[in-house]
Amino acid sequence: VEVTVASKGFKGQPFQLRLQKSDEVIASKTITPTIANSTQTITFELPLEEEGLQQFKVVIPELSGEWTAKNNSQRFAVNVRDAKQQILSIAFEIHPDVGFIRSLLLSDRRIQLTSRTWLNGNQFIEGTLAFDPDTVDLAIIHGYPSSGLPADVQQAITDLAKNIPLIIAATPKFSPQNFEREIASLPVNASSLWQYSAVGLQPEADNHPVLELPPVNFDQAPRIFAPIQHLSLAPGAEALFSSVFQGQTTSKPVLAVQQIGNKRIAMFTGYGWFQFGQSPDQQTREFVNHLWLNVVNWAATDPDDQKLKIQPVQTSFSETEPVVINAYLENERGEVESQANINISVSSDSMDATFYSMENLGAGEYMLRLGTLPEGLYSFKAVAKKENSTLGTQIGEFAVAHSNAEFVITERNEPLLRQLAQRTGGSYLPFDSLSGFWKQLDEQGLLDQTKEIETTFWYPYQHLFWFILVVVLLSAEWIFRKYLALP
């Protein structure tokens, strides 16, 4: 993160610039301005060790002689995502599909792939099958033998299947009955041994995130070998692709997905996907690459994870600060979503709800600039939608406090002052033109002295109080004279 610091009047005086998370100082650097009016750019490296939307702050402690410290800090937010998906690929049969899928996953920088290929007994080519489920985000199991698997290998596979998402990929010798008996249930039901036939593909679902795929001509695409008998969907599962045999739809799933609690399972009932990857048609190659990566990302994503993360750049704004709200959006595959619309309503006790559409900045980032708002406590509700699907909803609040612009902006705003003077019929004169102030007043005749004499007459008899007072005094004199027998 780059921080630009502007200082005035602190030439040669060193001071600290601190990077903080809450009240914890993460890093600090010392700045020494070489000139009175200095602008310097400082770079910090953020220690991003946790996922989620994180708030940071840069702060300069108050300096001696500083007029105000209210403009010595700035907040900002960063959305942190896990760098890698830890994927375990376990192959119980040597098949071109295994090599194709592993090669595809290795080409994705977001994926950390670990491979194990079974030989016999407890032996795997790349090492032992000892993994803590907490260290794996997804397991891809290619095939499963009908016999010959030791109990400890079965137990290791069972532990993984109970705790992490799975993708099961059929191979020519795959035994679905043995897998369900020894490991876990499947998204499909297999009533008998599978006989594989060359089939085409037909999409079955609408608006599923896995099916956001490039166009492809299925009639000219390679064939997949999948069962067309003794196969049906398990309760709660959904077919994304079904098979087409000799021009007729079989309604038998080729790709089925299922969500049990917070764990997702996907199953490819057919094999031969490597032929798509070897096709001379670029659209066909892009289709199969996107299909497998979409399934991997969808299965590895926690369905309970919040897809929409939205937060104001700070919890409190002043009346002169523009209110800015940032949002980050992911789809159900755990990828950044840049093709959605985020609508947000903002309201307060003194303001009815106002609706806005957030600006799409790309790479899953959205922003809403509300401008300045009156003082008060505001609440907002944001809804992210893509086509007919709702990807996420979130509510929050922020406060707008009384303006402290006079502390943040310490220079006079001459254009604003001129505009105020013009609109009110006044004049604008800077402080260093005080002589012009008196001259202008003199020219307008506002300093001329005028004298006015006003004469006012006041008659006591015209007022009841004085009349009563005179009557009382005269009466008192008459009584006194009579009492003393005076003439």
Side-chain angles (χ1 to χ4, degrees), residues 1-81 83 309 311-326 328 361-363 365 367 369-373 375 398-419 428-434:
V1 58
E2 288 188 347
V3 183
T4 300
V5 180
S7 60
K8 295 186 178 183
F10 292 92
K11 178 181 178 180
Q13 181 177 342
F15 56 85
Q16 273 196 337
L17 175 66
R18 297 173 181 173
L19 173 65
Q20 295 182 195
K21 187 175 183 182
S22 296
D23 294 329
E24 179 188 358
V25 178
I26 299 173
S28 64
K29 294 186 179 181
T30 300
I31 301 175
T32 304
T34 56
I35 56 177
N37 294 343
S38 171
T39 301
Q40 294 174 273
T41 299
I42 308 299
T43 302
F44 285 109
E45 291 187 3
L46 296 180
L48 304 178
E49 298 176 353
E50 299 177 359
E51 290 187 83
L53 195 62
Q54 300 184 27
Q55 299 278 5
F56 294 90
K57 180 170 64 172
V58 285
V59 178
I60 297 175
E62 185 173 0
L63 306 177
S64 175
E66 191 172 9
W67 183 67
T68 179
K70 292 184 179 293
N71 54 2
N72 285 22
S73 64
Q74 179 67 48
R75 298 177 183 271
F76 63 96
V78 177
N79 188 42
V80 186
R81 303 178 67 236
K309 299 179 179 65
Q311 193 168 359
V313 294
Q314 57 195 58
T315 56
S316 180
F317 301 86
S318 72
E319 288 179 310
T320 57
E321 288 181 309
V323 176
V324 179
I325 301 177
N326 289 324
Y328 299 87
L361 303 180
E365 184 177 357
M367 177 181 288
R369 298 178 176 90
L370 289 172
T372 57
L373 294 175
E375 183 179 2
F398 60 89
V400 177
H402 184 67
S403 171
N404 65 339
E406 66 272 22
F407 300 109
V408 177
I409 304 173
T410 58
E411 295 180 342
R412 69 176 183 271
N413 189 336
E414 293 200 15
L416 177 60
L417 295 175
R418 293 182 187 278
Q419 186 180 36
Y428 170 72
L429 293 170
F431 73 96
D432 54 356
S433 300
L434 192 59

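Bear in mind that the values here come from a model prediction, so they are computed numbers and not experimental data.
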S.K.: For residues Q13 and T32, determine if any side-chain heavy atom of one lies less than 4.5 Å from a side-chain heavy atom of the other.
M.R.: no

S.K.: Kindly give the heavy-atom pair with the smallest separation between S73 and V59, and that separation in Å.
M.R.: CB-CG2, 4.0 Å

S.K.: Before giving the answer on side chain to side chain contact (heavy atoms under 4.5 Å, CB included), spell out for F44 and K29 the whole-Å C-alpha distance, their side-chain angles and the decisive distance to 0.1 Å.
M.R.: CA-CA 9 Å; F44 285 109; K29 294 186 179 181; 3.7 Å; yes

S.K.: Can you name the ring pair (Phe, Tyr, Trp, His ring centres under 6.0 Å) partners of F56, sequence neighbours left out?
M.R.: F76

S.K.: By side-chain hydrogen bond (donor to acceptor under 3.5 Å, both in side chains), which residues pair with N72, not counting sequence neighbours?
M.R.: E66

S.K.: Considering residues at least two apart in sequence or located in another chain, which fulfil the side-chain hydrogen bond (donor to acceptor under 3.5 Å, both in side chains) criterion with E414?
M.R.: R412

S.K.: For side chain to side chain contact (heavy atoms under 4.5 Å, CB included), just list the numbers for F10 and L63, CA-CA rounded to whole Å, side-chain angles, deciding distance to a tenth of an Å, and then say yes or no.
M.R.: CA-CA 9 Å; F10 292 92; L63 306 177; 3.8 Å; yes

S.K.: Given side chains that start at C-beta, do those of V313 and I325 come closer than 4.5 Å, heavy atoms only?
M.R.: no

S.K.: With sequence neighbours excluded, what pairs up with F317 under the ring pair (Phe, Tyr, Trp, His ring centres under 6.0 Å) test?
M.R.: F398

S.K.: Applying side chain to side chain contact (heavy atoms under 4.5 Å, CB included), run through T4 and T39 and close with a yes or a no.
M.R.: CA-CA 7 Å; T4 300; T39 301; 3.6 Å; yes

S.K.: For the residue pair R18 and Q20, confirm or rule out a side-chain donor-acceptor distance under 3.5 Å.
M.R.: no

S.K.: Is the shortest side-chain heavy-atom distance between P312 and V323 below 4.5 Å?
M.R.: no

S.K.: Apply side chain to side chain contact (heavy atoms under 4.5 Å, CB included) to the pair V400 and T372, showing each step before the final yes or no.
M.R.: CA-CA 9 Å; V400 177; T372 57; over 6 Å; no

S.K.: Should N413 and P415 count as side-chain neighbours, where that means a heavy-atom distance under 4.5 Å?
M.R.: yes

S.K.: Checking K57 now: which residues fulfil side-chain hydrogen bond (donor to acceptor under 3.5 Å, both in side chains) with it, not counting sequence neighbours?
M.R.: none

S.K.: Do L46 and L19 touch side chain to side chain, with heavy atoms closer than 4.5 Å?
M.R.: yes

S.K.: For atom CD of Q40, decide whether the heavy atoms of other residues, nucleotides or ligands shown that lie under 6.0 angstrom number more than 12.
M.R.: yes

S.K.: Could you list the residues that satisfy side-chain hydrogen bond (donor to acceptor under 3.5 Å, both in side chains) with R369, not counting sequence neighbours?
M.R.: E359

